[in-house]
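Inspection log for the structure reproduced underneath, given as structure tokens.
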Amino acid sequence: MKSLFALLPTLAELYGLVLLCMGIGYGSSRFLPAKTAAWLAQGLFWVGTPLTAFSFIVTTPMTQFSALAPLLAWLGMGIGVGLAWLWLQQCPVQTRQGQGSFLLATMVGNTGFIGFPITWRLLGQDYFSWALFFDLMGTLLISYSAGIGVAASFSDRSISGSKLLWHIGRNPTLWCVGIGLLLRQHPLPAIAQQGLLTLAWLMVITGLIYMGICLGEARLKLQWQWIIPSLTIKMLLVPLLLGVGLTAIGVTGPPRLGIVLQAGMPPAFMTLILADVYHLDRAFAAGLILTSLFALIPLLPLWLVLFAG
């Protein structure tokens, strides 16, 4: 693994990509038609995210034991929720809706639109499968199962078990993951693989712009007494504990770094969407996500120093 100083240009490139794309969305949000974000959300849900998942599944080399990544994603979610619950027992958030947003923010990270370009660039394609499975079989399933369950339990809206299963089953990304795994047995021509990868990265860029638009339209509430502990749990303690645990059982090198990077991503954008749908504290969720993007800047070099060896 390259030294930290050698990776500084790569880190600057990654920061620039994420902040530029989100900045474009944030800056243009005031001038776009009111329904632009809704159109992009529908397009990404039905086409963009499924296409991205399928493209990466059929083109990414699978390394040994990378299928363990989803289990580590669920373990990280459990650690995050457990620590957040303990914090809320000592320092309760004033409103029930705020408690729900606080817990959601510690469950899963933005392992797709932000995590994919970072892990791809730092790990290379050979070890990208660890980050890929962490997102598709970990973050995605957690968001549409435990995430919805937590949001519903802190909301004035209820959701039945059958409706929860419907939300999971109707997700086209999950279907595309299954199709992609089946088609991996029949490799595509090189030109087709390159075309799929190009489309996938275009969708990632579109997703970052969409996030910027949503943050630009949202009302922000910067409650530092809740933002700091939430981000400390999600972006510092959870990846640190996973990294130390992996080291203890003999998992080192790029696989360990990939898990730590994905576990340390900013809170998932699904936090804001679920807060909106289930009437939680949307302003707090928006302020938290925006703040987390800047918290990522010093944390990425920290994970490289601790776990890149």
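Worth knowing before you read on, the calculation uses all heavy atoms, side chains too, and leaves out hydrogens, waters and symmetry mates.
- By the neighbour-count criterion of 12 heavy atoms within 6.0 Å, atom OH of Tyr127 is sparsely surrounded, having that number or fewer from other residues, nucleotides or ligands.
- You'll find the ring centres of Trp166 and Tyr144 outside the 6.0 Å limit.
- Between Leu242 and Gly76 the shortest heavy-atom distance is CD1-CA, 4.1 Å.
- Between Ala295 and Leu231, the closest heavy-atom pair is CB-CD1, 4.4 Å.
- Of all the heavy atoms in Leu257 and Trp303, the pair that sits closest is CD1-O, 3.8 Å.
- Checked against ring pair (Phe, Tyr, Trp, His ring centres under 6.0 Å), Tyr210 has the following partners two or more places apart in sequence or in another chain: Phe269.
- A distance of 7.5 Å separates CG of Leu290 from CE of Met22, quoted to the nearest 0.5 Å.
- Across all their heavy atoms, Ile114 and Met265 have their closest contact at CG2-SD, 3.7 Å.
- Applying the side chain to side chain donor-acceptor pair (under 3.5 Å) rule to pairs touching residues 175-193 yields nothing, sequence neighbours excluded.
- Heavy-atom minimum distance, Leu136 versus Ala53: CD2-CB, 3.8 Å.
- The minimum heavy-atom distance linking Tyr15 with Pro301 is given by the pair OH-CD, 3.4 Å.
- In this structure, a donor-acceptor pair under 3.5 Å is absent between the side chains of Ser101 and Asp281.
- Considering only heavy atoms from C-beta on, Leu140 stays 4.5 Å or farther from Thr49 through its side chain.
- Both Trp85 and Phe102 are part of a single hydrophobic cluster, where members link through side-chain heavy atoms under 4.5 Å apart.
- Phe307 pairs by the ring pair (Phe, Tyr, Trp, His ring centres under 6.0 Å) definition with nothing, not counting sequence neighbours.
- Counting heavy atoms of neighbouring residues, nucleotides and ligands inside a 6.0 Å radius, atom CH2 of Trp120 exceeds 12 of them.
- Although no hydrogens or angles enter the test, the distance criterion places no donor-acceptor pair under 3.5 Å between the side chain of Ser230 and the main chain of Ile227.
- Ring geometry for Trp201 against Phe128 counts as tilted: the plane angle lies between 30° and 60°, on a 0 to 90° scale.
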